[in-house]
Amino acid sequence: MNLLNPFYTQVDFKNGTFEPYEKKSKHYLSDLQGFFYFNDSLQEELKKEDRLVYEVYAREVPLEEGHLLHCITKIYPGDVGGEFFMTKGHFHQKIENAELYLCTSGKGLLNMQGVNGESSYIEMTRGVWSYIPPGWAHRTINIDDNTPFVFISVWPADSGYNYDKVLEEGFNKIFVKKANKEGYRIIVGK
Ligand code: S6P
Ligand code: ZN
């Protein structure tokens, strides 16, 4: 067995980032084609501006069983036709792999959908540590109009991603802004 040297990461709770990181990815509205329920609103929005929706800072570990990937995700405030800014959402390719999300700042939702369309969600505020069991697709949503929603993820390094099932089936709960008010309401998607 080749031993990897132990290491640590410094989380910046104020800025919703960490250091060091080997990978940083930025996800714009144009990268989320097919993921928003209000697709017409997305196309309208894209004619105006391709806004930054979320960014992910990640540590690099071997993508092998036994290792744990870990990253921090920062979702900016915003919406598309009332549908809050969110991550794409995915099943793990290795569907039996679970994941942990710990919210470090902001206010969000963890929307989950089981393989047979089961639905569940958790409100995430600083300190809420959520368990995503095997078999659940997971998408995070920023429900605050002014502040980024930030959370840390830890998951088995051999998990992989399956975005296709989410693209094909969508999530059956869609979270949208309340008109002229704080908070969210749920509409039933596909
Ligand atoms: C990975 C984990 C997170 C997400 C990240 C972006 O298993 O769930 O690190 O990758 O929050 O979400 P998405 O759905 O665009 O990959
Ligand atoms: Zn995941």
Side-chain angles (χ1 to χ4, degrees), residues 9 11 16-18 21-37 42 50-78 80 83-115 119-126 128-144 148-175 189:
T9 311
V11 176
T17 56
F18 65 41
Y21 54 84
E22 287 77 31
K23 279 190 203 157
K24 178 181 176 180
S25 55
K26 290 183 165 214
H27 304 261
Y28 292 84
L29 281 174
S30 55
D31 300 315
L32 279 113
Q33 288 277 14
F35 288 94
F36 281 102
Y37 184 68
L42 175 63
D50 191 7
R51 296 173 64 193
L52 177 61
V53 181
Y54 63 100
E55 50 194 19
V56 183
Y57 299 76
R59 296 309 312 260
E60 200 166 46
V61 299
L63 302 179
E64 297 164 5
E65 190 179 354
H67 285 283
L68 293 171
L69 280 165
H70 44 299
C71 73
I72 191 162
T73 304
K74 183 177 187 178
I75 309 176
Y76 288 93
V80 169
E83 191 177 359
F84 294 108
F85 275 13
M86 61 185 190
T87 58
K88 291 176 184 167
H90 58 270
F91 285 91
H92 290 153
Q93 195 69 47
K94 197 169 174 186
I95 202 152
E96 62 271 32
N97 282 3
E99 183 156 4
L100 287 163
Y101 278 4
L102 171 66
C103 177
T104 58
S105 63
K107 198 174 172 193
L109 295 170
L110 167 55
N111 189 13
M112 288 166 284
Q113 189 155 303
V115 274
S119 185
S120 183
Y121 69 96
I122 295 172
E123 293 195 12
M124 302 278 290
T125 48
R126 185 180 164 86
V128 175
W129 193 13
S130 299
Y131 182 57
I132 302 159
W136 289 83
H138 37 290
R139 165 183 283 167
T140 38
I141 301 162
N142 185 354
I143 56 169
D144 192 283
F149 165 47
V150 185
F151 62 95
I152 284 174
S153 321
V154 184
W155 73 105
D158 61 344
S159 299
Y161 300 87
N162 177 356
Y163 294 101
D164 290 348
K165 191 167 157 67
V166 166
L167 266 176
E168 281 159 24
E169 297 171 12
F171 275 78
N172 50 32
K173 279 199 178 70
I174 308 296
F175 294 86

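In this chain, numbering begins with 1 at the start of the sequence shown. All ligand and atom numbering here is 1-based and tracks the order in the structure.
Y101 and F151 have their aromatic ring centers within a separation under 6.0 angstrom.
Judged purely by atom type and a 3.5 angstrom limit, E60 has no side-chain atom pairing as donor or acceptor with the backbone of E22. Under the 3.5 Å distance criterion, the side-chain polar atoms of T87 are matched with a main-chain donor or acceptor of T140. For the pair N142 (side chain) and I75 (backbone), a donor-acceptor distance under 3.5 Å is present. Side chain of D158 to main chain of K94: no donor-acceptor pair is present (N/O by atom type, distance under 3.5 Å, no hydrogens or angles). E99 places no side-chain N or O within 3.5 Å of a backbone atom of S153 that could act as its donor or acceptor partner. Between the side chain of D50 and the backbone N or O of S30 there is at least one donor-acceptor pair closer than 3.5 Å.
Contact residues for ligand 1 (protein heavy atom closer than 4.0 angstrom to any ligand atom): Y54, C71, T73, T87, K88, G89, H90, H92, E99, Y101, H138, F151, S153, W155, Y161, Y163.
The count of protein N, O or S atoms under 2.8 Å from the Zn ion (ligand 2) stands at 4, with waters excluded from the count.
Note that the CD1 atom of I152 and the CG atom of L100 stand 11.5 Å from one another [nearest 0.5 Å].
When F35, Y163, W136, W155 are each tested for a ring pair (Phe, Tyr, Trp, His ring centres under 6.0 Å) with H90, only one passes: Y163.
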